[in-house]
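The block underneath contains the structure these notes are about, expressed in structure tokens.
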Amino acid sequence: MSVFEVVNPADESVVTTVEELEAEEVDAAVAKAQAAQRTWAALAPADRAGALRDFAAHVDAHVEELAALEVANAGHPIGQARWEAGNVRDVLTYYSAAPERLLGKQIPVAGGLDITFEEPMGVVGIITPWNFPMPILGWGLGPALAAGNAVLVKPAEWTPLTAMRIAELGAEAGLPAGLFQVLPGKGSVVGEALVDHPDVRKIVFTGSTETGTRVMARAAAHVKRVTLELGGKSANIVFADSDLEQAAASAPYGIFDNAGQDCCARSRILVQRSVYDRFMELFEPAVSGVAVGDPNDEGTEMGPLVSEAHREKVASYVPDDAPVAFRGTAPDGPGWWFPPTVLTPSRDDAVVREEVFGPVVAVLPFDDEADAITLANDSAYGLSGSIWTRDLSRAVRVSRAVEAGNLSVNSHSSVRYSTPFGGFKQSGIGRELGPDAPLQFTETKNVFLAIDSTESPS
Ligand code: NAD
């Protein structure tokens with residue numbers, strides 16, 4: 001059996017080691033999950049709802065512990081890590097209402113009664129990335145369990161600790177043994193074994209578009225259902241008629257949150273040419289004001305990058321001759337730090353087209369509304385974005401024209417558990433969260449009952 005080291009990105013110390021599963025062990029996990037799923041699905045809906053509420057309450061009692069674990073494992077600032085643990089609690093609470101509200105339909109037909117049932121799929125696999133280990137796990141887990149499924153989670157190699165602890169909390173809260181298991185290991189081993197397993201009926205994959213493409217191709221061999229949440233290159237569009245002070249003050253949050261390791265990061269800031277210089281004047285102090293440092297410090301806004309390899313990838317987008325407009329500060333090390341960095345490249349540069357997934361933002365001028373829309377849509381991705389304007393008609397026009405799944409006007413808010421989340425184009429397939437998410441984990445069954453309409457003779 002092999003183990004891998006989990007390293008603290010802020011100081012490069014080894015936090016712990018984790019046993020890595022082999023492909024054969026996935027078979028046993030699936031068999032255990034199938035048995036647990038039958039018990040779970042047979043419970044009265046009110047009892048499943050109660051079990052999810054108990055689980056949420058148990059997570060709530062461990063928010064501080066989970067947050068501290070994420071600080072050590074992923075280098076997330078403590079305030080952010082608390083939000084992430086709380087998000088798991090909130091998602092479980094929100095979907096605890098679903099078992100009793102998963103309604104079928106009664107459809108008018110001739111000769112009988114026609115009704116639909118939303119049946120659980122069985123065992124669902126969730127493959128998560130390292131950037132938001134807790135929330136992304138929760139977004140699949142809550143609705144999948146609520147719909148009566150068992151869940152097997154393959155966490156990212158660099159960040160398995162919070163997922164493993166949340167599975168323990170689920171068992172302590174009384175979930176049937178094996179209903180929710182975490183399977184640490186390599187994507188090419190455990191991830192592929194889940195995708196290939198005939199009894200894993202659906203895969204929710206969150207990660208890079210490159211890996212997502214491979215997962216979808218493998219899943220096709222089994223006609224396996226997939227939800228894919230992939231990369232992004234979102235635009236933050238600032239019109240001349242916006243509150244420019246507010247747009248500039250909030251732009252750092254739009255890109256540097258989670259050190260830019262955010263699929264919704266607004267990594268392209270598009271600014272109307274007539275206010276471009278003024279925006280940059282306002283943006284510079286906002287960038288140098290980002291508090292980068294010890295993730296355990298309550299005042300820290302940005303921590304390190306997740307790993308040395310990832311820092312090298314981010315740095316490759318900022319060579320010595322890069323068009324750097326200005327930068328913030330970052331500690332020297334140990335730890336995998338990278339300062340908030342603002343570039344002014346041309347429209348076709350790689351840094352404008354590719355997902356950097358770090359604290360690097362490209363600022364580009366545009367001429368008018370049509371040019372802004374063209375530029376925003378000139379991307380293979382379509383996940384998120386922001387529109388800054390005081391003109392309500394423009395806000396609606398541009399929101400409708402931008403090809404992205406999650407837009408916000410005069411805000412950088414992207415994710416609320418009660419609203420749907422997901423991408424256009426190469427940013428993914430399907431939607432998570434929102435009221436309809438449990439239906440992503442059911443198969444609709446239609447049943448027709450013939451009715452003899454002649455009165456019985458008695
Ligand atoms: P990644 O694609 O490298 O890995 C994601 C997960 O897939 C990991 O658990 C990995 O072990 C596993 N994996 C790797 N190879 C696999 C294979 N062949 N079969 C099955 N599983 C495999 O992504 P990452 O670097 O961990 O995460 C960063 C990426 O995730 C970015 O592109 C980011 O935009 C994206 N992301 C998207 C969303 C969203 O909701 N759209 C959210 C967060 C992150």
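Since the structure is predicted, the reported quantities are computational estimates derived from the model, not experimental observations.
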Salt bridge flag under 4.0 Å for residues [X] and [Y]:
X	Y	answer
Glu118	Arg101	no
Arg311	Glu308	no
Arg82	Glu64	yes
Asp378	Arg353	yes
Asp349	Arg347	no

message: Once you measure the plane-to-plane angle for Tyr94 and Tyr417, does it fall in the parallel (<30°), tilted (30-60°) or perpendicular (>60°) bin?
response: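 Ring orientation of Tyr94 relative to Tyr417: tilted.
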message: Classify the ring geometry of Tyr253 against His412: parallel below 30°, tilted from 30° to 60°, perpendicular beyond 60°.
response: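 Because their plane-to-plane angle lies in the 30° to 60° range, the rings of Tyr253 and His412 count as tilted.
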I need the [X] [atom1] to [Y] [atom2] distance, nearest 0.5 Å.
X	Y	atom1	atom2	value
Glu354	Tyr381	CD	OH	8.0 Å
Leu175	Thr39	CG	OG1	12.0 Å
Asp11	Asp294	CG	CG	9.0 Å
Ile373	Glu403	CD1	CD	10.5 Å

Heavy atoms only: give me the nearest [X]-[Y] pair and the separation to one decimal.
X	Y	value
Trp158	Ser307	CH2-OG, 3.1 Å
Ser234	Cys263	OG-O, 4.4 Å
Phe256	Val360	CE2-N, 4.3 Å

Check the side chains of [Y] and [X] for a donor-acceptor pair under 3.5 angstrom, ignoring hydrogens and angles.
X	Y	value
Trp139	Asn87	yes
Arg266	Ser408	yes
Asn131	Asp262	no

message: I want to check something: taking the side chain as every heavy atom from C-beta on, are Ile136 and Trp130 in contact at a cut-off of under 4.5 Å?
response: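 Result no, sub-4.5 Å side-chain heavy-atom pair not found.
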message: Between Trp336 (side chain only) and Gly333 (backbone N and O only), is there a donor and an acceptor less than 3.5 Å apart?
response: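 No: the side chain of Trp336 does not pair with the backbone of Gly333.
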message: Does anything in residues 29-59 form a ring-ring contact (aromatic ring centres under 6.0 Å, His included)? List the pairs, not counting sequence neighbours.
response: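 Sorted pair list: His58-His62.
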query: Which residues satisfy the side chain to side chain donor-acceptor pair (under 3.5 Å) test with Arg218, sequence neighbours excluded?
result: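 Only Glu192, Asp196 meet the side chain to side chain donor-acceptor pair (under 3.5 Å) criterion with Arg218.
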task: Check the surroundings of atom NZ in Lys425: do more than 12 heavy atoms from other residues, nucleotides or ligands lie under 6.0 Å from it?
output: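 Above 12, so yes.
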